[in-house]
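These notes are about the structure you will find just below.
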Amino acid sequence: MAFYTCTLNLAIDLFIETDELKPFVVNRTKDDDIQANGKGVNVSLILKLLGIDSTALGFQAGFTGNHIEDFLQDKQINTGFIEVPGLTRINVFTQVNETKEEYKLVNKGPTIPDEAIQSLLNQINQLQAGDYLCISGSFPQGVSSSILVDIAQICYKRKVHLVIDNSSLAVMDCLTYQPFLLKPNEEELALWFGKKIHTREEYIFYGKELLKQGAENVLISLGAEGAILLNKEGIFSGNSPKGKVVNTACSGDTLLGTFMAGILNGKNMEENLKHSLAAGSSTAFRKGLTDFSDVDDLQTQITIQKEE
C-alpha cells in the first residue's frame with residue numbers, strides 16, 4: 001500500500017501579521033512567514049509528522065514550484081510533480097490584530113497545458129490496488145473540473161482508495177465510483193445539494209445522502225463547530241476546542257491528514273475523530289501547521305458523540 005497526495009494548484013503562502021491595515025499608506029508588518037503550501041502538500045506534511053510516507057503529485061512551475069519541491073524533499077517527502085510553464089502562485093494571508101480580521105488573497109496559478117494533464121492521468125493510472133490517493137484543492141487555469149471524474153474512474157477501475165477535498169459540483173459526479181472519503185465543509189455541502197443548510201440535523205441528512213449515492217466515508221468539517229463523520233459504523237460528531245484563531249487556511253488539511261493517518265494506523269472512529277479535531281484546531285491556533293505538541297491537551301476539551 002502506498003499513499004499519494006495530489007495538489008493541482010500548488011502554492012507558496014505568505015503569512016503576514018500586522019497591528020493595523022490602512023489604505024493608501026505604508027503598513028509595517030509585525031511578523032511574516034513563507035510556507036510551501038497547497039492542500040495536498042499539507043496532507044503529505046501532516047502524514048509525515050505522523051510517521052506515514054507519501055508521494056506528492058501535481059503541477060509545479062518556475063522557481064516558486066522548485067522551492068516547494070526542494071522543501072518537500074528536505075522533509076523526506078517524495079514528489080512526482082509535472083513541470084509546466086509559468087510560476088506556481090503565491091497567496092497572501094494577513095492577520096490584523098486591531099480588528100481581529102483575517103484577509104485571504106488567493107491567486108489563480110499557471111495555465112496547465114493539455115499534455116501535462118494527460119501526464120498526470122497517466123501517473124494515476126499506474127497506482128496499484130489498495131493504494132490511497134488524496135486529491136485536494138482548487139483547479140488551476142486550463143484544468144476542467146471534469147478531471148475529478150476522470151480520476152475517480154481510474155481509481156475505481158484500479159481499486160485505489162480515493163479521498164476528495166474539493167468544492168466543485170463535479171464531486172457529485174464522482175459518487176458513482178464509490179470514493180473512499182469526501183471532506184466537505186458546510187458551504188460545499190450546501191452547494192452540492194443546492195440547499196441552505198444550518199442545523200446539525202441537516203448536515204447529517206445530507207451526509208447520509210452522500211453515503212447513499214456511493215461515498216464510503218463523509219467527514220463534514222464545521223470549523224469552530226467541530227466536525228461530523230458518517231460511515232457504515234454510524235454517525236460521530238465532535239466539538240472544536242477553544243483557543244485564539246490565528247490562521248484557518250490549513251486547519252482542514254490538518255484534520256484530513258490526521259484522520260487518514262488514524263485510519264491507516266487502525267484507530268477506532270471516536271479516537272481518530274477526536275485526535276483529528278484537536279490537530280486541526282492546533283493548526284488554526286498558530287501561523288503554520290501543527291507540530292502536535294499541544295494536541296493531547298486540546299483533546300481533553302473534545303467530546304465525541306455517536307449515534308447509529
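Excluded from the calculations below are hydrogen atoms, water molecules and symmetry mates; all remaining heavy atoms, backbone and side chain alike, are included. Values in this document were obtained by computation on a predicted structure and should not be read as measured data.
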From T94, N91, T248, residue fulfilling side-chain hydrogen bond (donor to acceptor under 3.5 Å, both in side chains) relative to K104: T248

Short N-O contact, K212 and E209, less than 4.0 angstrom: yes

Side-chain heavy-atom pair P113, P85 within 4.5 angstrom cut-off: yes

Residues that K30 engages under salt bridge (charged side-chain N to carboxylate O under 4.0 Å, His left out), provided they are two or more places apart: D19

Point-to-point distance, once rounded to the nearest 0.5 Å, from OG of S276 to CG of L219: 7.5 Å

Salt bridge flag under 4.0 Å for residues K75 and E69: no

Side chain N265, main chain A261, donor-acceptor under 3.5 Å: yes

Residue list, side-chain hydrogen bond (donor to acceptor under 3.5 Å, both in side chains) with E83, at least two apart or on another chain: Q60

Members sharing V149's hydrophobic cluster (side chains within less than 4.5 Å): Y156, Y177

side-chain hydrogen bond (donor to acceptor under 3.5 Å, both in side chains) partners of D294, counting only residues at least two apart: S282, R286

Short side-chain donor-acceptor distance under 3.5 Å, N42 and N37: yes

Polar side-chain atom of T258 near backbone of H275 as donor-acceptor pair, under 3.5 Å: no

With D31 via salt bridge (charged side-chain N to carboxylate O under 4.0 Å, His left out) - residues at least two apart: K287

Counterpart residues, side-chain hydrogen bond (donor to acceptor under 3.5 Å, both in side chains), relative to S221 (two or more places apart): none

Test side-chain hydrogen bond (donor to acceptor under 3.5 Å, both in side chains) applied to S146 - qualifying residues, sequence neighbours left out: S144

Any donor-acceptor N or O pair under 3.5 Å, side chains E20, N27: no

CA sep, side-chain torsions, deciding dist, call: T283, T290, side-chain hydrogen bond (donor to acceptor under 3.5 Å, both in side chains): CA-CA 5 Å; T283 286; T290 181; 4.9 Å; no

Side-chain hydrophobic cluster, 4.5 Å single linkage: members besides F285: V245, L298

Residues that D173 engages under salt bridge (charged side-chain N to carboxylate O under 4.0 Å, His left out), provided they are two or more places apart: none

Any donor-acceptor N/O pair, T199 side chain to E202 backbone, under 3.5 Å: yes

Contacts of type salt bridge (charged side-chain N to carboxylate O under 4.0 Å, His left out), residue E216, not counting sequence neighbours: none

Side-chain donor-acceptor distances from residues 124-142 under 3.5 Å, at least two apart:
{"from": "Q128", "atom 1": "NE2", "to": "Q126", "atom 2": "O", "distance (Å)": "2.9"}
{"from": "D131", "atom 1": "OD1", "to": "A2", "atom 2": "N", "distance (Å)": "2.8"}
{"from": "D131", "atom 1": "OD2", "to": "Q128", "atom 2": "N", "distance (Å)": "2.8"}
{"from": "Q141", "atom 1": "NE2", "to": "G109", "atom 2": "O", "distance (Å)": "2.7"}

Pair listing, ring-ring contact (aromatic ring centres under 6.0 Å, His included) test, anchored in residues 12-44, at least two apart: F15-F93

